[in-house]
Amino acid sequence: MLSKKYDHSVVEQSKYEIWKERGYFLSGDKCKTPFTMTLPPPNVTGNLHLGHAWDVSIQDVLARYKRMDGYDVLWVPGTDHAAIATEAKVVNKLKQQGVDKYKLGRDKFLEECWAWTREYSGNIHKEWAKMGMSIDYSKERFTLDEVSFEAVNKAFIEMYNNGLIYRGKKIINWDPEARTALSNEEVIYKDVEGAFYHIKYYIEDTEDYIDVATTRPETLFGDTAVAVNPKDERYIDLIGRNVIVPIVNRSVKVVADNHAEIDKGTGAVKITPAHDPNDFEVGNRHSLERIVIMDETAHMINVPEEFMNLDRFEARKKVVKTLEENNLLIDIEKITHSVGFSERTDAMVEPYLSEQWFVKMRDLADSVINTQMDKENKVNFFPKRFEKIINQKAEECYDWCISRQLWWGIRIPIWYKDDKIVASVKSPGEGYVQDPDVLDTWFSSALWPFSTLKWASDDELYKRYFPTSFLTAGYDIIFFWVFRMMFQSLNLTKVMPFKDCYVHGLIRAKDGRKMSKSLGNGVTPTEMIDKYGCDALRYYLTTTTAIGLDLRFDEEKLSSTWNFINKIWNASRFTLMNIESLKKTSLNDLKLEDKWILNRYNETLKVVRKNMDKYEFQNVSAELERFIWNDFCSSYIELSKNKDDETTKSVLFIVLDGILKMLHPFMPFVTEEIYQKLPIKDAESIMISEYPKVNKKYSFKEESEVVSNVLDDIVNIRNLKATNKITKDAKIKIKVLNEETLAIYTSQLKILNENIVDDDLDINKVNYKSKNIDITYFFEGSKEDENKKEEEIKKLKESIERREKLLSNENYVNKAPKEIVDLDKKKLKEEKEKLELLMK
RNA sequence: GGAUUCUUAGCUCAGUUGGUUAGAGCACCUGCCUUACAAGCAGGGGGUCACAGGUUCGAGUCCUGUAGAGUCCACCA
């Protein structure tokens with residue numbers, strides 16, 4: 001028997017370990033169709049936040065649904081080494097101990113990283129268990145493990161040999177704190193207070209100057225030209241002449257270039273080809289010299305003595321001061337402009353000229369665009385609009401900088417000897433030196449759906465389970481991850497890596513702002529699980545919003561989800577008490593209400609399955625809640641009370657069993673707890689039981705309609721009693737047309753035999769008539785509903801009029817689907833009958 | 001500049017090939033400790049579906065525009 005109170009902390013104890021020990025999470029049943037998912041690998045040193053909890057809940061709902069529905073489910077778990085994020089954390093930790101990364105050296109530093117990784121990966125495992133994730137632990141991967149290492153090397157070498165990866169000297173985004181290159185996607189732009197510094201650039205051999213505005217005066221040391229627009233009449237005479245770069249007094253040319261916009265700033269732009277991507281292009285067009293004036297830590301080099309080794313921000317102050325002192329500064333105009341920051345270290349990004357490895361994107365991006373036009377082979381996004389967003393990204397993408405000057409990661413498999421370059425995992429021979437850089441962490445995650453399945457060794461796993469079936473991702477990592485998996489998979493495996501991609505939004509605080517540590521409005525899954533249970537959290541997260549939209553976290557709503565589970569608990573408790581003795585189900589002598597609930601159950605199941613298959617979980621929950629709370633609890637359980645026959649018990653059992661199974665993917669723990677108490681079980685655990693199927697034997701349309709009408713009558717009569725304050729002991733005159741429905745009326749309206757009278761009594765009375773029942777209540781006290789009947793008649797008349805008008809419209813009758821028209825005709829008939837009854 | 005989402009009850013949200021008279025939870029009002037559940041039961045009130053046009057027999061749903069809020073991409077000397 002179930003305990004009296006639903007206590008999630010008790011219910012959720014020890015079940016996960018049992019499931020795991022019994023091997024329910026393992027894949028490999030060759031008789032079944034595979035269903036594969038790879039878990040988006042969280043950062044190994046990170047903590048699970050609500051967004052993760054949401055993401056994994058969606059996947060686990062699906063894993064459990066598909067498993068119960070007869071698929072060989074493989075859900076591959078794993079973690080990401082998160083190169084720069086982890087490295088930054090370890091560097092920080094060492095710094096606090098007074099240890100410098102570079103002094104420690106590569107090997108020792110990597111040992112520190114591994115130690116850190118081992119320490120933290122335990123947390124992730126605990127949280128996975130806490131969320132109830134049915135992942136196949138035997139296939140767990142890490143983006144730095146042997147399997148991933150092989151795949152990354154194979155991919156790199158293949159792409160290098162095909163010319164898809166190249167080395168080039170370009171301006172890239174540089175993180176001076178981590179001292180590494182970044183991809184465009186790892187730069188976060190923020191609006192900051194800055195200024196336009198208007199500086200005098202004297203025209204050579206004259207007393208005239210032009211006003212050049214810049215936000216970064218410290219870069220003037222690297223100026224090798226000033227650009228003006230060729231159509232700018234103000235400067236047309238200056239083109240080809242020389243101007244003097246202040247402080248260094250270098251003479252540079254004025255060039256005409258469209259990069260300089262007439263309306264922007266002063267129309268004259270200083271050109272620093274080594275320190276600005278646009279200027280770099282201008283430099284290329286005009287064959288300008290590139291002067292590098294900062295080192296990898298953003299300290300000044302190749303500058304006059306007094307500026308040497310200054311930090312870039314110090315240098316700016318000093319440059320401005322020097323300009324002022326020499327009367328070279330015209331104005332400082334305060335502006336707000338957006339500046340890039342490193343996603344992980346939050347350091348201001350410096351455009352930096354350096355030699356890096358790049359993935360050549362054009363052809364890869366085109367392959368995505370082309371495949372997405374092919375219905376058979378494309379990835380289906382839920383919601384669909386993200387297909388367009390992927391296409392847009394593909395159309396305008398830049399080459400991807402994949403080399404990182406970090407140590408924590410997979411080292412680039414390139415070897416140098418003199419001017420020879422060889423791509424190879426191992427040293428190609430005597431005297432070769434390996435490239436010191438590692439690969440962007442996203443290079444390995446981009447291979448995740450197939451690297452994890454041992455693509456590199458063409459394993460059976462890869463052959464059976466790839467391409468995968470389903471992927472979840474928040475829309476914030478579509479460009480980082482989803483898009484890259486798509487083109488890498490097309491490139492290396494020739495197919496898209498997954499069939500369906502479910503895109504969810506972000507979790508926000510109740511006020512709509514982002515949840516973040518700095519705002520102090522963050523909520524952790526652990527807190528919420530402790531308070532309401534994992535079942536409530538999962539159900540809440542997966543069913544409260546429509547697919548693709550953000551979710552405003554509302555603890556009150558989570559709490560009412562707990563109430564829903566509590567309701568299920570109590571309904572189950574009642575049912576189990578009543579069906580304890582049931583040995584096998586028998587459906588002889590089904591009563592009207594039995595047929596009704598079985599029919600409702602069937603209809604519910606139909607809707608639930610349809611929406612499960614479309615990943616429309618919010619519709620699943622709406623349907624289930626209505627069925628469980630209204631139909632099953634409020635009506636059927638009430639009707640089943642005081643009935644002891646095998647048929648009632650069987651129906652109670654069938655419906656409860658089905659409810660538990662439909663709910664199990666969402667709330668695995670409580671459904672297992674209750675399932676274990678069922679008198680008849682089709683499996684040793686609900687996890688491996690069969691998902692219910694729509695059953696024609698449970699279809700009773702006509703009877704179902706009769707009961708629906710009776711239930712409507714009951715609500716109306718209760719309303720009548722409430723408004724007139726009619727008490728239990730009121731006398732009643734009753735006439736029920738369908739004998740089978742009488743029991744329902746009497747039990748639901750709590751009609752006592754001794755209150756039933758035959759004759760009209762000379763006291764207040766109210767009457768209710770429908771096609772099933774004619775009932776009159778006689779009662780003491782005042783009559784509150786004099787106008788009630790009048791109102792009802794009026795409403796009915798209006799409705800009839802509306803419907804008659806509609807049905808006399810030829811366009812409607814001819815064009816609307818037949819079912820809709822028939823329904824209207826039927827309703828009209830019913831309303832007319834009802835009106836007639838009332839008018840009598 | 002380009003793209004995109006949202007605007008439905010006091011609050012948080014559903015409403016998916018256009019189809020009865022728009023739903024839920026919370027909150028609110030009335031009455032109930034009816035032995036599964038007071039974290040509950042029964043009943044009730046509350047919405048010109050942001051606004052303006054259009055398509056249609058029929059629009060919360062499709063189209064166009066307007067307003068407000070948000071997000072992404074690009075640019076930002």
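These numbers come from a predicted model, not from an experiment.
- Among the atoms of the strands shown, base atoms are found under 4.0 Å from some heavy atom of Lys641(A).
- For rC37(B), the base has a donor-acceptor partner in the side chain of Lys567(A) [N/O atoms by modelled type, under 3.5 angstrom].
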- Check step by step if side chain to side chain donor-acceptor pair (under 3.5 Å) holds for Thr219(A) and Lys270(A). CA-CA 9 Å; Thr219(A) 61; Lys270(A) 64 197 252 336; 2.6 Å; yes
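- Backbone-only contact: Tyr398(A) has heavy atoms under 4.0 Å from sugar-phosphate atoms and none from a base.
- One finds a side-chain N or O of Arg552(A) lying less than 4.0 angstrom from the OP1 or OP2 phosphate oxygen of rC13(B).
- Residue Ala213(A) is classed as a sugar-phosphate contact, given heavy-atom separations below 4.0 Å to backbone atoms only.
- When the side-chain nitrogen and oxygen atoms of Asn619(A) are compared with OP1 and OP2 of rA14(B), none of them lie within a distance under 4.0 Å.
- With hydrogens and angles ignored, no donor-acceptor pair under 3.5 angstrom links the side chain of Glu819(A) to the base of rU20(B).
- Considering only side-chain N and O atoms, Asn719(A) lies under 4.0 angstrom from the phosphate OP1 or OP2 of rG44(B).
- Phosphate contact (OP1/OP2 of rC41(B), side-chain N/O of Trp629(A), threshold under 4.0 Å): present.
- For the C1' atoms, the distance linking rU4(B) with rA22(B) amounts to 27 Å, nearest Å.
- Residue Ala227(A) is out of contact with every strand shown, counting any heavy-atom pair closer than 4.0 Å.
- When heavy atoms are screened at a 4.0 angstrom cut-off, Glu556(A) is found touching the sugar-phosphate backbone but no base atom.
- Residue contacts for Glu638(A): at a heavy-atom cut-off of 4.0 Å it reaches a base atom on one of the strands shown.
- Contact check, Gln392(A) against rU4(B): no side-chain N or O comes under 4.0 Å of OP1 or OP2.
- As judged by a 4.0 angstrom heavy-atom cut-off over every strand, Ala546(A) is placed among residues touching the sugar-phosphate backbone only.
- Taking 4.0 angstrom as the limit, Thr561(A) places none of its side-chain polar atoms (N or O) nearer than this to OP1 or OP2 of rG25(B).
- The residue Arg626(A) sits apart from the nucleic acid: no heavy atom pair falls under 4.0 Å.
- Counting any heavy atom pair closer than 4.0 Å across all strands shown, Ser559(A) reaches no nucleic acid atom.
- For the ring-ring contact (aromatic ring centres under 6.0 Å, His included) with Tyr540(A), the qualifying choice from Phe553(A), Trp562(A), Tyr532(A) is Phe553(A), the only one to do so.
- Sequence order on RNA chain B of the closest nucleotides to Phe479(A) and Lys614(A) puts Lys614(A) first from the 5' end.
- Comment: Asp644(A) engages Lys649(A) in a salt bridge, judged by a side-chain N to carboxylate O separation of less than 4.0 angstrom.
- For Arg718(A), no side-chain nitrogen or oxygen approaches OP1 or OP2 of rA42(B) to under 4.0 Å.
- Nucleotides rG1(B) and rG10(B) place their C1' atoms 40 Å apart, quoted to the nearest Å.
- Between Val226(A) and the options Ile271(A), Val255(A), Val243(A), a side-chain contact (heavy atoms from CB on, under 4.5 Å) holds for only Val243(A).
- Counting non-hydrogen atoms of neighbouring residues, nucleotides and ligands closer than 6.0 angstrom, the NZ atom of Lys795(A) reaches no more than 12 such neighbours.
- What you find for Thr545(A) and Asp550(A) is that their closest heavy atoms are CG2-O, 3.4 Å.
- Proximity of Asn278(A) to the phosphate of rC76(B): a side-chain N or O atom is located under 4.0 Å from OP1 or OP2.
- The aromatic rings of Tyr636(A) and Phe632(A) lie parallel to each other, their planes meeting at an angle below 30°, with 60° marking the opposite boundary.
- Applying the 4.0 Å criterion to OP1 and OP2 of rU4(B), one finds that Arg385(A) has every side-chain N and O outside that range.
- If you check every strand for non-hydrogen atoms under 4.0 Å, Glu831(A) touches a base.
- Not a single donor-acceptor pair, N or O on each side, falls under 3.5 Å between the base of rA3(B) and the side chain of Glu395(A).
- Within the nucleic acid shown, Ile637(A) comes within 4.0 Å of at least one base atom, counting heavy atoms only.
- Residue Glu798(A) is out of contact with every strand shown, counting any heavy-atom pair closer than 4.0 Å.
- Counting any heavy atom pair closer than 4.0 Å across all strands shown, Lys4(A) reaches sugar-phosphate atoms only and no base atom.
- Base contact: Tyr189(A) has a heavy atom under 4.0 Å from a base atom.
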